[in-house]
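Worksheet: one structure, shown below.
Small disclaimer: the values here were computed from a predicted structure and weren't measured.
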Amino acid sequence: MWKIVVLMLAIPHFGMAQQTLKIDVQGVRNSEGTISYAVYTESEGFLKLENVYRSDSIKAVQGTTHLVIENLPKGDYALAVFHDENGNAILDTNWLGIPREDIGFSNARMKTFGPPSFEECTIPVHENSSIIVWLE
């Protein structure tokens, strides 16, 4: 009988596998400040602070900074990453709204007249994965 109870308790966990996403952030100009990331799950509100699914920051490492996002449910995600050189926890922009700090996206690059769309940045995370994000 106890085996059935243990099995019944474990069944929900089999369908809710959590994935790890490793990100190599390339093109980090220096080790000042932090590398910050935001993970989005849908196109509505993409790149809006209030629609961030998950975010965090780690110390910047010149050249390549390694990020690890753990416990992601299987799904499609879009990432925005920036080098917060001055450590003020915001992406600094000029008066036109153009970033003054380096920024990068999963699976896409900045366009001439703005950031890529959610669809252009979307990456599937259905197993443990690794990606490279280039800062510009």
Practice problem: Using a 4.5 Å cut-off on heavy atoms from C-beta on, say whether the side chain of Arg54 contacts that of Leu72. | Solution: yes

Quiz prompt | Side-chain touch Asp92/Asn86, heavy atoms, less than 4.5 angstrom | solution = yes

Quiz item: Can any side-chain N or O of Asn51 pair as donor or acceptor with the backbone N or O of Glu44 at less than 3.5 Å?
Solution: yes

Self-check item: Counterpart residues, side chain to side chain donor-acceptor pair (under 3.5 Å), relative to Asp24 (two or more places apart)
Solution: His66

Self-check item: With sequence neighbours excluded, residues passing side chain to side chain donor-acceptor pair (under 3.5 Å) with Glu32
Solution: none

Practice problem: Consider only side-chain N and O atoms of Glu85 and Asn30, and report whether a donor and an acceptor are under 3.5 Å apart. | Solution: yes

Quiz item: Are Tyr40 and Tyr53 close enough that their ring centers fall under 6.0 Å?
Solution: no

Quiz prompt | Validation row: Leu79, Ile23 side chains within 4.5 angstrom (heavy atoms) | solution = yes

Quiz prompt | Ring geometry between Phe46 and Phe118 (parallel below 30°, tilted from 30 to 60°, perpendicular above 60°) | solution = perpendicular

Quiz item: Is there a donor-acceptor contact under 3.5 Å linking the side chains of Gln26 and Thr64?
Solution: yes

Quiz item: Applying side-chain hydrogen bond (donor to acceptor under 3.5 Å, both in side chains), which residue pairs with at least one partner in residues 127-136 are found, sequence neighbours left out?
Solution: none

Quiz prompt | Heavy-atom side-chain proximity of Val68 to Leu21 below 4.5 angstrom | solution = no

Exercise. Find out whether Leu47 and Phe105 are in side-chain contact, i.e. whether some heavy atom of one side chain is under 4.5 Å from a heavy atom of the other.
Key: yes

Quiz item: If we only count heavy atoms from C-beta on, is the Ile58 to Thr34 side-chain gap below 4.5 Å?
Solution: no

Quiz item: So, does Gln19 use its side chain to make a donor-acceptor pair with the main chain of Val125 at under 3.5 Å?
Solution: no

Quiz item: Looking only at atom types and distance, does a side-chain atom of Ser31 sit under 3.5 Å from a main-chain N or O of Gln62, one as donor and one as acceptor?
Solution: yes

Quiz item: More than 12 heavy atoms of other residues, nucleotides or ligands under 6.0 Å from NZ of Lys59: is that the case?
Solution: yes

Quiz item: Do Val81 and Ile103 come within less than 4.5 Å of each other through their side chains, counting heavy atoms only?
Solution: no

